[in-house]
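First up is the structure itself, then whatever we jot down about it.
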Amino acid sequence: MARDLSVRIGTLELPNPLISASGCFGYGLEYEDVTDLSALGGVCVKGLFLTEREGHAPPRIVETPAGMINAIGLQGIGVHRFVKEKLPLLRERGARVFVNVCGTTIDEYAEVTRILTDAGGVAAIELNISCPNIKEGGIQFGCSLLGTGQVVEAVRKVTHLPVIPKLTPNVTDVASFARAAEDAGADAVSLVNTFLALAIDVETRRPTITNVLGGLSGPAIRPIAVRMVWECAREVKIPIIGMGGITNARDALEFILAGATAVQIGTANFVDPFVWGKVLDGIDDYMARHQVERLSDLIGAFDPTPPKVVHR
Amino acid sequence: MARDLSVRIGTLELPNPLISASGCFGYGLEYEDVTDLSALGGVCVKGLFLTEREGHAPPRIVETPAGMINAIGLQGIGVHRFVKEKLPLLRERGARVFVNVCGTTIDEYAEVTRILTDAGGVAAIELNISCPNIKEGGIQFGCSLLGTGQVVEAVRKVTHLPVIPKLTPNVTDVASFARAAEDAGADAVSLVNTFLALAIDVETRRPTITNVLGGLSGPAIRPIAVRMVWECAREVKIPIIGMGGITNARDALEFILAGATAVQIGTANFVDPFVWGKVLDGIDDYMARHQVERLSDLIGAFDPTPPKVVHR
Amino acid sequence: MPPLDVDATVLENRPLSRDYNVLTLSAGDVGAHTVAGQFVMVRPATMTDTLLRRPFSVFEVLRDAAGTATAISILNKRAGRTTQALYDARVGDRVATLGPLGRAYTPPSTGQEAWMVAGGVGLAPFWTLAMRLVAAGIPTTLIYGARSGAELFYLDFFERLGVRLVLTTEDGSRGEHGRVTLPLDRELAGRDPQSIMVYACGPEPMLEAVAHVATRHHQPCEVSVERTMGCGLGGCYSCVVKVQHGTGTPHYVRSCISGPVFDGAEIVWD
Amino acid sequence: MPPLDVDATVLENRPLSRDYNVLTLSAGDVGAHTVAGQFVMVRPATMTDTLLRRPFSVFEVLRDAAGTATAISILNKRAGRTTQALYDARVGDRVATLGPLGRAYTPPSTGQEAWMVAGGVGLAPFWTLAMRLVAAGIPTTLIYGARSGAELFYLDFFERLGVRLVLTTEDGSRGEHGRVTLPLDRELAGRDPQSIMVYACGPEPMLEAVAHVATRHHQPCEVSVERTMGCGLGGCYSCVVKVQHGTGTPHYVRSCISGPVFDGAEIVWD
Ligand SMILES: Cc1cc2nc3c(=O)[nH]c(=O)nc-3n(C[C@H](O)[C@H](O)[C@H](O)COP(=O)(O)OP(=O)(O)OC[C@H]3O[C@@H](n4cnc5c(N)ncnc54)[C@H](O)[C@@H]3O)c2cc1C
Ligand SMILES: Cc1cc2nc3c(=O)[nH]c(=O)nc-3n(C[C@H](O)[C@H](O)[C@H](O)COP(=O)(O)OP(=O)(O)OC[C@H]3O[C@@H](n4cnc5c(N)ncnc54)[C@H](O)[C@@H]3O)c2cc1C
Ligand SMILES: Cc1cc2nc3c(=O)[nH]c(=O)nc-3n(C[C@H](O)[C@H](O)[C@H](O)COP(=O)(O)O)c2cc1C
Ligand SMILES: Cc1cc2nc3c(=O)[nH]c(=O)nc-3n(C[C@H](O)[C@H](O)[C@H](O)COP(=O)(O)O)c2cc1C
Ligand code: FES
Ligand code: FES
């Protein structure tokens with residue numbers, strides 16, 4: 001590709017804007033058979049606490065129209081095992097590793113971040129303050145402007161790595177959370193995490209998943225997510241990592257035009273693990289057709305004046 | 001049908017729980033060729049201000065995965081013409097008429113309600129404090145607990161009809177709005193209105209609809225809407241009218257089990273104007289299979305204990 | 001006649017070109033009550049990711065020997081997801097077909113000729129209209145433009161029916177080089193006012209131009225607009241077009257029930 | 001072998017009963033590398049409202065005269081939307097087919113017999129397993145239960161292969177009346193410990209019962225579990241099953257990569 005697809009998030013340069021969404025790509029290594037991990041802009045791994053977690057009892061997912069609800073409950077190997085077992089392999093594969101950091105307290109966020117920073121080889125810290133599925137999973141911080149600022153500040157103190165709080169869409173005014181994050185020293189924000197949702201099995205009158213509530217992801221939520229990215233882009237100067245229902249190049253470009261510097265792909269990766277190359281090719285093709293040399297010229301290029309419509 | 005599908009909303013008794021969603025069924029009369037209006041639980045007509053409104057320039061809708069975004073902009077004939085031209089015909093047809101009342105001020109809500117109350121023949125007042133598409137369309141009240149209470153109180157004073165504020169889902173804690181409405185004297189709440197959303201035409205980098213932002217409806221939002229209805233049902237005692245992406249009996253029952261006394265069908269009516277009979281038959285069939293004599297026994301019958309799963 | 005919703009079967013899929021095909025649907029009951037200019041809202045059952053139906057003019061009404069309508073066809077042009085699915089449809093596939101819907105073309109007044117002006121897929125309503133006009137003994141002309149000669153379809157049919165053909169193509173590969181408004185404007189010159197009823201269907205810029213030409217020559221003109229439609233029944237207010245009666249205030253009216261056929265002079269073109 | 005994603009075409013759809021069919025997919029490359037017990041994740045292209053793929057055991061691997069795999073089939077049972085679409089699929093339809101995935105059955109140790117225990121659609125992995133076992137000269141038994149005799153499929157095939165058949169039906173219409181665990185329990189009695197490798201596939205209550213019976217008779221047992229799978233590749237953690245090694249702490253492991261085949265004694269049944 002002659003065109004320049006690279007983007008910058010703080011001091012971090014990514015060869016392209018495509019990052020795997022946390023919780024949708026395991027620890028990355030699960031996919032090395034089907035994807036060259038170094039070819040992705042970044043690999044964001046499953047949410048990590050200080051210690052191992054078992055997660056919720058199955059069933060953990062249920063499909064809904066153009067989407068799915070999940071309540072995995074952040075099953076994970078904890079930061080120590082991650083640093084020992086996964087990080088060296090990910091580095092070897094040339095992946096730019098984003099770690100989705102979870103915590104039940106502000107101290108835990110800071111401690112997990114410190115361990116990852118000390119370990120070396122991590123590209124960025126994504127702060128999961130928005131997981132809707134577990135009570136002690138950080139959503140208490142993500143739903144409060146004060147809490148959001150406090151987590152970011154605490155983490156900011158212990159790392160030089162880019163700090164990227166991940167915002168929840170389950171709030172009235174997401175842009176104010178982006179602003180709180182920026183004010184507290186975040187290098188970027190990512191959004192959206194999933195929408196709190198419920199699917200009832202009417203035959204049994206019971207929940208479809210054990211945790212009752214879960215998070216809605218997939219194409220269904222894309223129009224809401226794009227709106228939120230646009231709102232945040234108008235509110236803050238720091239880069240935005242956009243996600244929610246991206247399945248192809250068109251969808252990715254929608255987020256980029258709305259103001260996202262990079263995008264994450266989650267659910268679509270389940271449907272098609274080869275989605276990465278297809279989206280990248282599609283973006284390149286779009287740039288060729290529109291004679292865009294640098295992808296960064298497309299960031300925020302959405303023009304909100306009314307469409308010129310030719311009613312056929 | 002031997003089974004009893006009737007439900008009560010305040011003093012109002014409906015023969016069945018199916019109501020057309022506002023803005024999705026014109027003034028009802030558009031559908032009299034295909035549906036017996038008196039066979040519906042209720043007909044909720046398009047949002048009405050005191051005066052006529054032209055609405056937004058087209059294009060006004062765009063389809064999205066399992067949903068659609070609309071920004072009609074509340075085009076409507078105003079309450080006076082409605083009372084003169086539509087209401088008598090609706091009464092003649094035996095429809096139980098819900099009027100979706102809009103306002104740019106609290107006084108306008110009260111005045112429109114007063115006119116409708118004086119006219120007679122209206123079954124209930126639904127207060128549209130949640131239209132995301134126009135700045136002066138009431139969303140300023142729907143996004144504030146205080147505003148919600150004030151509109152309900154003002155309208156409560158001028159009518160004996162059931163007052164049903166329609167809540168927006170674009171808030172952090174919808175149940176607190178249900179509580180504010182209940183405290184202010186509402187007879188019921190209805191939810192959800194549409195989710196604020198954006199779809200960009202990446203080829204032109206312009207919005208797909210003239211108003212830029214619009215409201216997302218359809219099956220895509222159902223899992224979020226069901227969650228919100230369940231949250232409200234646990235918070236308030238007044239009846240809840242649930243909606244958001246209902247397309248069949250299963251979907252309607254999901255809302256009812258979550259705690260809705262009645263349900264509205266919007267977008268699905270566009271896809272299939274004969275949906276009403278199908279949903280009604282499906283509910284009746286469900287009741288037969290589950291030996292439920294009275295539909296009201298199903299309201300809130302959701303049991304949130306984990307599912308008993310037989311992994312096949 | 002209230003519209004019917006028929007779970008129709010694809011009886012035939014006749015490809016006409018890379019973009020066009022004619023799809024025959026077992027919706028005879030819909031066809032039996034269709035008047036030229038009306039449309040159906042369809043939704044193929046075998047589609048991955050669309051929700052709403054899409055509007056299509058009723059193209060042919062197929063009849064058995066006794067004259068009973070047995071099926072309809074639609075002239076389909078690939079433009080997006082539904083039209084792609086309809087292009088790819090196979091015999092036996094199901095297509096939910098709701099109709100007939102909307103306002104039909106008004107017949108010409110006594111003594112008037114009928115001129116049908118079609119741009120591209122805008123040919124669609126003119127099969128049924130031509131049948132009706134010819135049956136009524138009205139002298140009928142079809143002014144029909146397309147990108148190229150290869151996209152001028154059903155010429156034999158109209159010729160056999162005795163319709164006078166005037167063709168244009170954008171690339172000059174057949175008929176006159178250019179747009180339909182060129183021959184329309186030229187041939188209307190010098191005709192008696194009110195002597196020709198002009199019917200137009202095609203892209204809106206063409207409709208606007210045709211309405212303009214017709215008005216300039218003092219001929220009545222009906223155009224069939226194509227707005228994005230959510231429901232086709234007046235329920236959603238998505239399909240509005242701005243209309244002005246005489247010197248009144250312009251208003252948005254729903255093109256699915258007040259149209260799709262409108263008096264060309266009444267439309268306020270954006 | 002990394003999994004392949006093949007845009008496969010339906011080559012044949014053989015209905016077996018009101019609920020069962022066998023669908024042949026042009027995914028020979030997937031078949032070429034499939035080991036008995038592995039699965040594919042499929043998604044029919046012509047479906048209205050599902051997003052995620054669904055897991056299916058590879059049933060047959062079809063080969064040409066030279067032995068090259070040309071296609072695979074899946075044994076499909078209607079349970080919901082995807083399986084309904086696969087039941088209704090027509091020749092020429094496309095089905096995205098990702099595989100082979102997951103852990104295969106372990107071959108028996110030297111001197112062991114192989115007993116395959118199938119419940120209903122749990123027959124699916126045993127076509128390929130039987131081929132493999134018979135080719136290796138291992139005495140093989142299929143204990144196969146279904147609701148009724150009409151739902152016992154492919155008996156000829158297994159017979160021709162020289163597999164000993166033990167049949168049960170819930171309604172007693174063929175074979176023994178009752179569940180597969182009845183003959184299994186009876187026939188295992190008195191056999192030397194570790195002399196029979198038991199393979200099971202079917203509903204989880206059956207798997208649990210089979211594992212229990214096998215353990216009681218000191219026979220090794222592998223079961224293939226069927227959890228809801230979002231991805232099939234270890235990405236989503238939806239498909240977990242609780243596993244306990246020896247006396248260690250039970251942990252949730254992903255059945256799509258650590259399974260679907262597990263040592264029956266290690267699963268902690270909920
Ligand atoms: C009364 C009437 C009669 C008609 N008769 C006919 C007929 O006889 N034959 C015929 O072929 N057509 C006819 N049409 C037009 C036909 O309805 C449209 O071509 C059809 O609705 C397109 O649907 P689709 O699913 O194929 O396209 P869609 O996938 O909906 O896309 C349509 C167009 O809009 C664009 N688009 C859609 N969504 C987006 C988005 N989110 N962002 C950017 N762009 C978007 C697409 O790129 C495409 O160009 C008629 C229309 C009307 C109103
Ligand atoms: C490794 C593995 C191998 C398999 N091999 C085979 C095989 O060879 N052959 C075979 O036929 N099957 C096999 N299965 C099972 C098969 O994957 C499932 O039957 C299939 O996924 C069902 O998909 P569906 O779209 O048809 O059903 P869905 O529509 O997803 O529904 C499945 C069931 O869940 C219920 N359900 C789904 N969503 C909801 C909801 N929101 N509320 C309430 N209930 C709901 C449905 O009612 C239905 O009973 C296998 C499974 C695994 C894990
Ligand atoms: C199965 C699953 C697990 C997820 N786990 C996490 C997680 O551990 N941490 C996190 O921040 N987000 C998690 N998410 C949210 C995704 O990262 C992403 O924000 C969301 O799914 C929206 O993107 P999508 O529509 O492309 O999937 C998870 C999503 C899914 C579907
Ligand atoms: C085209 C359209 C117009 C609408 N107009 C109104 C309206 O005038 N007043 C209102 O309260 N809600 C309006 N709504 C919202 C619906 O009444 C309903 O709350 C929402 O669409 C969710 O239900 P559904 O998914 O069944 O459509 C409109 C929705 C659509 C799609
Ligand atoms: S298409 Fe819905 S009102 Fe015209
Ligand atoms: S199915 Fe996704 S991890 Fe197993």
Side-chain angles (χ1 to χ4, degrees), chain A residues 57-59 62 64-67 69 143 170-173 195-214 216 218-224 226-230 245 247 249-251 253-254 257-258 286 289-290 298 301-309 311, chain B residues 57-59 62 64-67 69 143 170-173 195-214 216 218-224 226-230 245 247 249-251 253-254 257-258 286 289-290 298 301-309 311:
Chain A
V62 63
T64 65
I69 301 175
C143 278
N170 299 296
V171 294
T172 311
D173 179 17
F195 288 78
L196 197 59
L198 170 62
I200 298 173
D201 180 343
V202 302
E203 294 303 325
T204 61
R205 301 179 203 167
R206 293 282 183 88
T208 48
I209 56 177
T210 300
N211 192 52
V212 186
L213 298 181
L216 181 67
I221 66 170
R222 193 174 64 235
I224 318 180
V226 171
R227 183 261 296 178
M228 289 183 167
V229 165
W230 188 54
T247 66
R250 198 210 69 81
D251 300 347
L253 287 161
E254 205 179 350
L257 293 171
Y286 176 92
R289 279 194 291 116
H290 289 261
L298 291 173
F302 171 50
D303 170 5
T305 56
K308 287 206 208 79
V309 201
H311 298 287
Chain B
V62 62
T64 65
I69 302 176
C143 278
N170 300 296
V171 293
T172 311
D173 179 16
F195 287 79
L196 197 58
L198 170 62
I200 297 174
D201 179 345
V202 302
E203 295 302 325
T204 61
R205 301 181 202 164
R206 294 283 183 88
T208 47
I209 55 176
T210 300
N211 192 52
V212 186
L213 298 181
L216 183 66
I221 67 170
R222 192 173 65 235
I224 318 179
V226 171
R227 183 261 296 177
M228 290 183 168
V229 165
W230 188 52
T247 66
R250 198 209 69 80
D251 301 345
L253 287 161
E254 204 179 350
L257 292 172
Y286 176 93
R289 278 193 292 115
H290 288 261
L298 292 172
F302 171 50
D303 170 6
T305 56
K308 288 208 206 79
V309 202
H311 301 286

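If you're wondering where the values come from, they're calculated on a predicted model, not measured in any experiment. Here is the naming used below: chain letters follow the sequence lines, and residue numbers restart at 1 for every chain.
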Check your understanding: Considering only heavy atoms, which portion of B/Val212 lies under 4.5 Å from any heavy atom of chain A: side chain, backbone, both, or neither?
Key -> side chain
**Study point:** B/Ile224 versus chain A, the contacting section by heavy-atom distance below 4.5 Å
**Key:** both
Review point. Does any heavy atom of chain A fall under 4.5 Å from the side chain of B/Ile69, the backbone, both, or neither of them?
Key: side chain
Study note, to complete from the structure: Separation between CZ (A/Arg205) and OG1 (B/Thr305), nearest 0.5 Å, reads 13.0 Å
Review point. Is a side-chain donor or acceptor of A/Arg227 paired with a backbone partner of B/Leu196 at a separation under 3.5 angstrom?
Key: yes
Point to revise | Distance, nearest 0.5 Å, that separates OG1 of B/Thr204 from CG of A/Asp303 | key: 8.5 Å
Review point. Any donor-acceptor pair under 3.5 Å linking the side chain of A/Arg206 with the backbone of B/Pro306?
Key: yes
Check your understanding: Among B/Pro207, B/Ala301, B/Ala197, which has the most heavy-atom pairs under 4.5 Å with chain A?
Key -> B/Pro207
Revision key, fill the gap. d(B/Leu198 CG, A/Trp230 CH2) to nearest 0.5 Å is 6.5 Å
Practice item. Assess whether side chain to side chain contact (heavy atoms under 4.5 Å, CB included) is satisfied between A/Asp201 and B/Glu254, documenting all intermediate values. Key: CA-CA 8 Å; A/Asp201 180 343; B/Glu254 204 179 350; over 6 Å; no
Review point. Any sub-3.5 Å donor-acceptor pair from B/Tyr286's side-chain atoms to A/Glu203's backbone N or O?
Key: no
Practice item. Pick one of side chain, backbone, both or neither for B/Thr247, based on which atoms fall under 4.5 Å of a heavy atom in chain A. Key: neither
**Study point:** Interatomic spacing from CG in A/Asp173 to CG in B/Asn170 - rounded to 0.5 Å
**Key:** 11.0 Å
Check your understanding: chain A heavy atoms under 4.5 Å from B/Ile209: which part of the residue, side chain, backbone, both or neither?
Key -> backbone
